[in-house]
Enquirer: 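One structure coming up, written as structure tokens, with questions to follow.
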Amino acid sequence: MKYIINDEIDLHKIAHSGQCFRWRDLGNDSFLIPAFGKVVRVSQGKDLELSCTEEEFQSIWYQYFDLGRDYTSIRNMIDKNDCFLYNAGQAGKGIRILRQDPLETLISFIISQRKSIPAIKTSIEKLCRACGHLIGNFEGEEIYSFPDLNDLINADISKLEACSLGYRLPYILKTVEELGKDPGLLDEMKEMDDHALIQRLMEFYGVGIKVASCTGLFGFHRTNLFPEDVWIKRALQDNYKEGFPFEKYRPYNGIMQQYIFEYYRTTAGNQ
DNA sequence: AGGCAGGCGCTCC
DNA sequence: GGAGCGCCTGCC
């Protein structure tokens, strides 16, 4: 089906923004995207072409791409006197914060710690093959879902040990066990305010401030959360000696973080 | 070939 | 409450 684009969206920039690890670049501005137990092929031309029904688009992908939000007007909030952020916003035009599954996001960012992005992707794909479900086929290759809570709880340890999780495996096992004992917890967390959500996330073994912030921003769509990794810390040190003006961009500091992250990493950070 | 990666828990003080 | 350190392992 076709979706008429009426706000900025750039699949390439989203794919490289570090919020999702399973998109596959098919070339020709097309991506294969598994999420919520489905897989869709999306091509970006003048409009968005999706290999799914109108019904599936409405029930899953419209929300997933956050198409109900006007990112152009959020980007226009940027103070033009703040050259760094303004340029970052220009460069990041088309980035959107996906509405991803909370459990998938939590587990993915536990895995992400002290791993490079290629290593994160490898590890997550192994995990999906180890205990996810077959959800599609692309050019003869099987596509698997990200495992749900039951999949993770019931998974053989030996299979998980083959997923290159390293010292993060016990983090995941404990987190999954805890969630299994309280199956309504993730839903309850959706109702918490940002601060309470971060605090609760950090109670999970292996989840610190960075993983909690990423999970909140990308998995609970808390657009004001501002994960600070090494790149962001360097960017703020270089450009905001007086501190970043968080008050000015509430409740969209997380979106500003995305612009800064990508911009600094691909330009200023390399100089 | 060996250091480093999009952190975290633990152990000191 | 914060600085220092070890950690699994794939990737460049």
Side-chain angles (χ1 to χ4, degrees), chain A residues 12-25 88 91-92 95-98 100 102 104-130 146 152 155 157-179 195 197-223 225-240 244 253-271:
Chain A
H12 285 279
K13 289 179 191 172
I14 295 171
H16 294 130
S17 67
Q19 57 179 307
C20 51
F21 302 107
R22 299 202 63 210
W23 286 28
R24 190 183 314 178
D25 191 339
I95 292 178
R96 309 177 75 83
I97 306 290
L98 302 171
Q100 302 187 81
E104 173 172 345
T105 309
L106 174 58
I107 302 298
S108 295
F109 279 94
I110 289 176
I111 292 172
S112 78
Q113 59 187 268
R114 276 196 70 84
K115 272 181 180 290
S116 61
I117 289 175
I120 297 167
K121 290 179 176 176
T122 302
S123 190
I124 290 176
E125 282 315 308
K126 285 181 181 173
L127 181 64
C128 294
R129 283 186 157 70
F146 193 92
L152 290 166
I157 298 290
S158 60
K159 282 190 174 179
L160 296 178
E161 284 172 342
C163 295
S164 310
L165 298 167
Y167 63 84
R168 305 158 195 83
L169 177 55
Y171 296 170
I172 292 170
L173 291 176
K174 283 190 110 172
T175 297
V176 161
E177 182 188 2
E178 194 177 337
L179 286 170
H195 180 74
L197 175 63
I198 291 287
Q199 292 306 312
R200 183 61 192 84
L201 283 165
M202 286 177 64
E203 287 178 33
F204 291 114
Y205 182 58
V207 176
I209 185 64
K210 164 62 168 55
V211 172
S213 302
C214 286
T215 303
L217 176 58
F218 303 129
F220 289 84
H221 206 74
R222 302 304 177 89
T223 56
L225 293 180
F226 194 92
E228 294 194 33
D229 57 39
V230 291
W231 289 104
I232 291 290
K233 284 175 183 163
R234 288 175 206 157
L236 296 196
Q237 276 168 16
D238 285 0
N239 296 281
Y240 299 96
F244 186 77
N253 283 298
I255 295 173
M256 300 305 156
Q257 186 268 5
Q258 282 299 93
Y259 296 142
I260 294 170
F261 176 74
E262 187 60 14
Y263 182 64
Y264 190 81
R265 211 169 61 116
T266 56
T267 60
N270 288 332
Q271 289 170 10

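So that the names make sense, note that chain A is the first sequence line, chain B the second, and so on, each numbered from 1.
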Enquirer: Would you compute the distance between atom CD1 of A:Ile157 and atom CG of A:Leu169 and round it to the nearest 0.5 angstrom?
Expert: 6.0 Å

Enquirer: Which value, in whole Å, describes the distance between the P atoms of nucleotides C:dC8 and B:dT11?
Expert: 15 Å

Enquirer: Can you pull out every side chain to side chain donor-acceptor pair (under 3.5 Å) where at least one residue sits in residues 161-174 of chain A? Sequence neighbours excluded, please.
Expert: A:Lys126-A:Ser164

Enquirer: When the nearest nucleotide of DNA chain B is assigned to A:Gln258 and to A:Met202 on a heavy-atom basis, which residue is associated with the more 5' position?
Expert: A:Gln258

Enquirer: Contact list please: residues 12-25 of chain A against DNA chain B, heavy atoms, distance less than 4.0 Å, in numerical order.
Expert: A:Ser17, A:Gly18

Enquirer: Is A:Phe261 touching bases, backbone alone, or none of the nucleic acid, heavy atoms closer than 4.0 Å?
Expert: base

Enquirer: Expressed as a whole number of Å, how far does the P atom of C:dA3 sit from that of B:dG6?
Expert: 23 Å

Enquirer: Just by distance, do the side chain of A:Gln113 and the backbone of A:Ile110 share a donor-acceptor pair under 3.5 Å?
Expert: yes

Enquirer: Is there a donor-acceptor pair closer than 3.5 Å between any side-chain N or O of A:Thr223 and the backbone N or O of A:Gly254?
Expert: no

Enquirer: State the CH2-CD distance between A:Trp231 and A:Gln257, to the nearest 0.5 angstrom.
Expert: 13.5 Å

Enquirer: Quick one: do A:Leu201 and A:Val211 satisfy side chain to side chain contact (heavy atoms under 4.5 Å, CB included)? Show the steps, please.
Expert: CA-CA 8 Å; A:Leu201 283 165; A:Val211 172; over 6 Å; no

Enquirer: Check each residue of residues 208-215 of chain A for a non-hydrogen atom within less than 4.0 Å of any atom in DNA chain B, then write out the ones that pass by number, or none.
Expert: A:Gly208, A:Ile209, A:Lys210, A:Val211, A:Cys214

Enquirer: Using modelled atom types only, decide if a donor and an acceptor are shared between the side chain of A:Lys13 and the backbone of A:Ala91 within a distance under 3.5 Å.
Expert: yes

Enquirer: Go through the structure and list residues passing side-chain hydrogen bond (donor to acceptor under 3.5 Å, both in side chains) with A:Asp229, not counting sequence neighbours.
Expert: none

Enquirer: For A:Tyr171 and C:dC7, give me the distance from atom OH to atom P, rounded to whole Å.
Expert: 12 Å

Enquirer: Can you list the residues that meet the side-chain hydrogen bond (donor to acceptor under 3.5 Å, both in side chains) rule with A:Gln19, with sequence neighbours excluded?
Expert: A:Ser17

Enquirer: Does A:Ser112 have any side chain to side chain contact (heavy atoms under 4.5 Å, CB included) partners at least two apart in sequence or in another chain, and if so, which?
Expert: A:Phe109, A:Ile120

Enquirer: Has A:Ser123 got a side-chain atom pairing as donor or acceptor with A:Ala119's backbone, closer than 3.5 angstrom?
Expert: no

Enquirer: Can you list the residues that meet the side-chain hydrogen bond (donor to acceptor under 3.5 Å, both in side chains) rule with A:His221, with sequence neighbours excluded?
Expert: A:Asp66, A:Arg69

Enquirer: Which pairs pass salt bridge (Lys or Arg N to Asp or Glu O under 4.0 Å) with one or both residues in residues 202-220 of chain A, sequence neighbours excluded?
Expert: A:Arg200-A:Glu203

Enquirer: Verify whether one side chain among A:Tyr264 and A:Asn239 offers a donor that lies under 3.5 Å from an acceptor in the other.
Expert: no

Enquirer: With sequence neighbours left out, write down each residue that passes side-chain hydrogen bond (donor to acceptor under 3.5 Å, both in side chains) with A:Glu125, or none if nothing qualifies.
Expert: A:Arg22

Enquirer: What are the 5'-most and 3'-most nucleotides of DNA chain B lying under 4.0 Å from any heavy atom of chain A?
Expert: B:dA5 to B:dG9

Enquirer: Grab the N/O contacts between the protein and nucleotides 8-12 of chain C below 3.5 Å, and write none if there aren't any.
Expert:
unit_1 : atom_1 : unit_2   : atom_2 : d
C:dC8  : O4'    : A:Tyr167 : N      : 3.3
C:dC8  : O2     : A:Arg168 : NH1    : 3.0
C:dC11 : OP1    : A:Thr122 : OG1    : 2.8

Enquirer: Between which residue ranges does DNA chain C form stems of three or more consecutive Watson-Crick or G-U wobble pairs, both distances under 3.5 Å?
Expert: B:2-5 with C:9-12, B:7-13 with C:1-7

